[in-house]
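Keep in mind the model is a prediction, meaning the values are calculated, not measured. Each chain gets a letter, A, B and so on, in the order the sequences are listed, and its residues count up from 1.
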Number of protein chains: 2
Amino acid sequence: MPEEVARKPSRIQLRNRKRIMEAALEVFSQHGYRGATLDQIADAAGMSKPNLIYYFDGKEAIHVALLNRLMEDWLAPLHEMDPGGDPLDEILAYVRRKMEMSREFPRESRLFANEILQGAPRMGPHLERGLKPLFDEKAAVIADWVAEGRLAQIDPRQLLLSIWAITQHYADFDAQIRVLIPDEVAGWDAAFAHVEAMFRTMLTVSERSG
Amino acid sequence: MPEEVARKPSRIQLRNRKRIMEAALEVFSQHGYRGATLDQIADAAGMSKPNLIYYFDGKEAIHVALLNRLMEDWLAPLHEMDPGGDPLDEILAYVRRKMEMSREFPRESRLFANEILQGAPRMGPHLERGLKPLFDEKAAVIADWVAEGRLAQIDPRQLLLSIWAITQHYADFDAQIRVLIPDEVAGWDAAFAHVEAMFRTMLTVSERSG
DNA sequence: TCGTGGCTTTACCAAATGGTAAAAAACCAG
DNA sequence: CTGGTTTTTTACCATTTGGTAAAGCCACGA
């Protein structure tokens, strides 16, 4: 018996899966997993609810598919950090890439934040197998830079956490920031400038202790 | 006709309202507004669902009551920042208070994060009327300190955002941090030390530019 | 053009969920 | 005690929601 051969997806399948993922990202990132309904996703995707289920096994399957894709995009900027480059440049470039992701992909950031806030119920393995190794690797790189005196004394792991905290904050807490700092007063330019200056100061080896 | 006189709440009422708030905080902070159910809250509070409704008008009323109480506790640390004190001391003390709140009241932090993440649907007025004035006031104080040369050049509003981002991150992203930095490796002590050192460096007026 | 297999819709369903009505129980001032 | 008031329980209900069954539609290769 020919067991469940995975057939090549048709053009229609490709198109509709993409539409569903886009719609699901919109809805899940705004309402969280339980707050989102299949009807909302179906509406946003311009198709009927049973049609959704035809393409994905169910609500959870859609969410998982979304998280899977997200993980790759999310790790990419950190991957790019080059151990052979100039320490300060490399870290500041990473910070800039993260800021750009917050600006360009706030929904992805919020989807991730929602998942972690609730204890990462559907992401535990991803964090262990995807994020943790990369985190440890890059923390070690930074630790070397610090040991060589090419960066100010700093705990590499705490530094990475701080970078995530600040850059993702601009996407995740957008609703709050909009109230406190209206666009007319200061927008992304001010945020970019502040964040870069902050980390530059923090990481530059002090003249005094040289 | 005597219209809806607000009677003094009985002992039982006081006790049960408190139990409900505690239970609701637990459940809402973990699952978000829509993810939480009245049954869960009733269970956690050790009473029946209709009994909940006897004390609060409904699910939304409980949530709103929780957010109202939260707002006060949340603003307190910033209120304490004294314009007459030493700039660096005042800000670092504020940072420490915020870190303590993340450690002692992570559920409150997550409740707030959940609400903001979803666009602050039940908190808009609170942000405008409670948070914004205080934010503007304290930002002005910091701006003065900077103008007087008693703090390094920095955008006061972005500074406050960064403080919130980093300190609250330790509560909100706890699930992620637990995976990346196991307790045996580094706990709250390391976090406190890193955060304080970071802001100290960032805010200290450079010797060079004195 | 005519099947055939992939795609879509219509009509449902069972469980979960927020909430209500009203009786029963507990409480408490006189 | 006792009568009225507050509190709690039991038994429901309507809606929402994730999901299914099966009929119908449609594209496309022979």
Parallel, tilted or perpendicular: which describes the rings of A/His63 and A/Phe28, with under 30° parallel and over 60° perpendicular?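 Because their plane-to-plane angle is over 60°, the rings of A/His63 and A/Phe28 count as perpendicular.
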Taking the six-membered ring for Trp, are B/Phe173 and B/His169 parallel (under 30°), tilted (30 to 60°) or perpendicular (over 60°)?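 Because their plane-to-plane angle is under 30°, the rings of B/Phe173 and B/His169 count as parallel.
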Do A/Asp73 and A/Phe105 have side chains that approach each other closer than 4.5 Å (heavy atoms only, starting at C-beta)?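 Contact flag for A/Asp73/A/Phe105 side chains = no.
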Over how many whole Å does the gap from [X] atom [atom1] to [N] atom [atom2] extend?
{"X": "B/Leu52", "N": "C/dT17", "atom1": "CG", "atom2": "P", "answer": "14 Å"}
{"X": "A/Asp43", "N": "D/dG18", "atom1": "CG", "atom2": "P", "answer": "12 Å"}
{"X": "A/Ile41", "N": "D/dG19", "atom1": "CD1", "atom2": "P", "answer": "10 Å"}
{"X": "A/Ile62", "N": "D/dT17", "atom1": "CD1", "atom2": "P", "answer": "15 Å"}
{"X": "A/Ile53", "N": "D/dA21", "atom1": "CD1", "atom2": "P", "answer": "12 Å"}
{"X": "A/Gln40", "N": "D/dG18", "atom1": "CD", "atom2": "P", "answer": "9 Å"}
{"X": "B/Asp39", "N": "C/dG19", "atom1": "CG", "atom2": "P", "answer": "12 Å"}
{"X": "A/Gln13", "N": "D/dA27", "atom1": "CD", "atom2": "P", "answer": "16 Å"}

Could you tell me if A/Arg103 sits above the aromatic ring of A/Tyr170, with its cationic atom closer than 6.0 Å to the ring centre and no more than 45 degrees from the axis?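 Pair A/Arg103/A/Tyr170 does not count as cation-pi.
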Cation-aromatic face contact B/Arg17/B/Phe56, 6.0 Å, 45 degrees: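 Judged by the rule, B/Arg17 and B/Phe56 form a cation-pi pair.
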Under 4.0 Å between a side-chain N or O of A/Arg34 and OP1 or OP2 of C/dT17?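 Yes, A/Arg34 has a side-chain N/O under 4.0 Å of OP1/OP2 on C/dT17.
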How would nucleotides 8-14 of chain D be written as a contact map, 5' to 3', with B for base contact, S for sugar-phosphate-only contact and - for no contact, using protein heavy atoms under 4.0 Å? BBBB---
Select base, sugar-phosphate, or nothing to describe what A/Ala36 touches, counting heavy atoms under 4.0 Å on all strands.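 Sugar-phosphate contact only - A/Ala36 comes under 4.0 Å of backbone atoms but never of a base.
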So, B/Glu22 and B/Arg107, do they make that salt bridge, N to O below 4.0 Å?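 A salt bridge links B/Glu22 with B/Arg107.
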